[in-house]
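Numbered from 1 within each chain, the chains take letters A, B, ... in sequence-line order.
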Amino acid sequence: MAQYWLMKSEPSVYSIDDLARDGRTAWDGVRNFQARNFMRKMKVGDLVLFYHSNADPPAVAGIARVVREAYPDASSWNPKAHYYDPDSSPQNPRWDMVDVEFVEKLSNPVPLSTLKDTSGLENMLVTKRGRLSVQPVAKGEFEIVRKLGRKR
DNA sequence: GCCAACGTTGGC
DNA sequence: GCCAACGTTGGC
């Protein structure tokens, strides 16, 4: 059974439009253990709410799908990479990433304020735990957000 | 740009 | 193993 997730990206770094253009991307740069552990649970076919953080307004901007399950994030042992971690190596990778593909851009992005105000979403982690960049979402929550996002 | 929240590191 | 210091996230 498919699971549901929310993943954050700053649109100035990588936006839903970038994903629409590229078709698919490797979700590298996650350097938080809890977020990494959630990525390790992802299965091909799982659906992802693509959330724009540090945006105006912060919002769920689109939907993506997992197309490759967790594998080592090579940028973690590249000294020139922004997210370089000296404790990670090819022999002993510390960080993983997944590949996701573009599914849809929401015609009506769902801002954080709406997530906070909508009945049925009061338990979403994104409204509580500001700093977790990869998090699980309940199926019902996913459906509500997708529906809101498709409204015009 | 500020700063609260909170995850991580490292001294002890 | 505690916890203070530090760094980062991310809303505002």
Can you check the [X] [atom1] to [N] [atom2] distance for me, whole Å?
| X | N | atom1 | atom2 | value |
| --- | --- | --- | --- | --- |
| A:Asn32 | B:dT9 | CG | P | 11 Å |
| A:Phe33 | C:dT9 | CZ | P | 14 Å |
| A:Arg31 | C:dG7 | CZ | P | 18 Å |
| A:Gln34 | B:dT8 | CD | P | 8 Å |
| A:Trp95 | B:dG7 | CH2 | C1' | 10 Å |

List the atom pairs, donor and acceptor, that lie under 3.5 Å between side-chain atoms in residues 130-140 of chain A and the rest of the protein, sequence neighbours left out.
unit_1	atom_1	unit_2	atom_2	d
A:Gln135	OE1	A:Val126	N	2.7
A:Gln135	NE2	A:Leu132	O	3.0
A:Lys139	NZ	A:Tyr4	OH	3.4

Considering only residues two or more places apart or on different chains, which pairs with a residue in [range] satisfy salt bridge (Lys or Arg N to Asp or Glu O under 4.0 Å)?
| range | answer |
| --- | --- |
| residues 106-119 of chain A | none |
| residues 10-33 of chain A | A:Asp17-A:Lys105, A:Asp18-A:Arg21, A:Arg24-A:Asp99, A:Arg31-A:Asp73 |
| residues 34-45 of chain A | A:Arg40-A:Asp96 |

*End-to-end axis angle, where each axis spans five pairs of the helix from B:dG1-C:dC12 to B:dC12-C:dG1, to 10°*: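 Taking five pairs per end, the axes differ by 10°.
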
Atom pairs, N/O to N/O, protein against nucleotides 10-12 of chain C, distance under 3.5 Å?
unit_1	atom_1	unit_2	atom_2	d
C:dG10	OP1	A:Lys8	NZ	3.0
C:dG10	OP1	A:Gly130	O	3.2
C:dG10	O5'	A:Gly130	O	3.4
C:dG11	OP1	A:Tyr51	OH	2.7
C:dG11	OP2	A:Asn54	N	3.1
C:dC12	OP1	A:Lys116	NZ	3.3

*Assign A:Asp56 to base, sugar-phosphate, or nothing according to its heavy-atom contacts below 4.0 angstrom with the strands shown.*
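If one applies the 4.0 Å heavy-atom cut-off, A:Asp56 turns out to touch nothing in the nucleic acid.
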
*Please identify each residue that fulfils salt bridge (Lys or Arg N to Asp or Glu O under 4.0 Å) with A:Glu104, with sequence neighbours left out.*
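Only A:Arg150 meet the salt bridge (Lys or Arg N to Asp or Glu O under 4.0 Å) criterion with A:Glu104.
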
*Sequence-distant partners of A:Tyr71, ring pair (Phe, Tyr, Trp, His ring centres under 6.0 Å), two or more places apart*: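 Result, ring pair (Phe, Tyr, Trp, His ring centres under 6.0 Å) vs A:Tyr71: none returned.
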
_The criterion is ring pair (Phe, Tyr, Trp, His ring centres under 6.0 Å); which residues satisfy it with A:Phe102, sequence neighbours excluded?_
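Checked A:Phe102 against ring pair (Phe, Tyr, Trp, His ring centres under 6.0 Å); zero matches.
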
*Under 3.5 Å, is there a donor-acceptor pair linking the side chains of A:Asp85 and A:Trp95?*
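Result is yes, a qualifying pair exists.
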
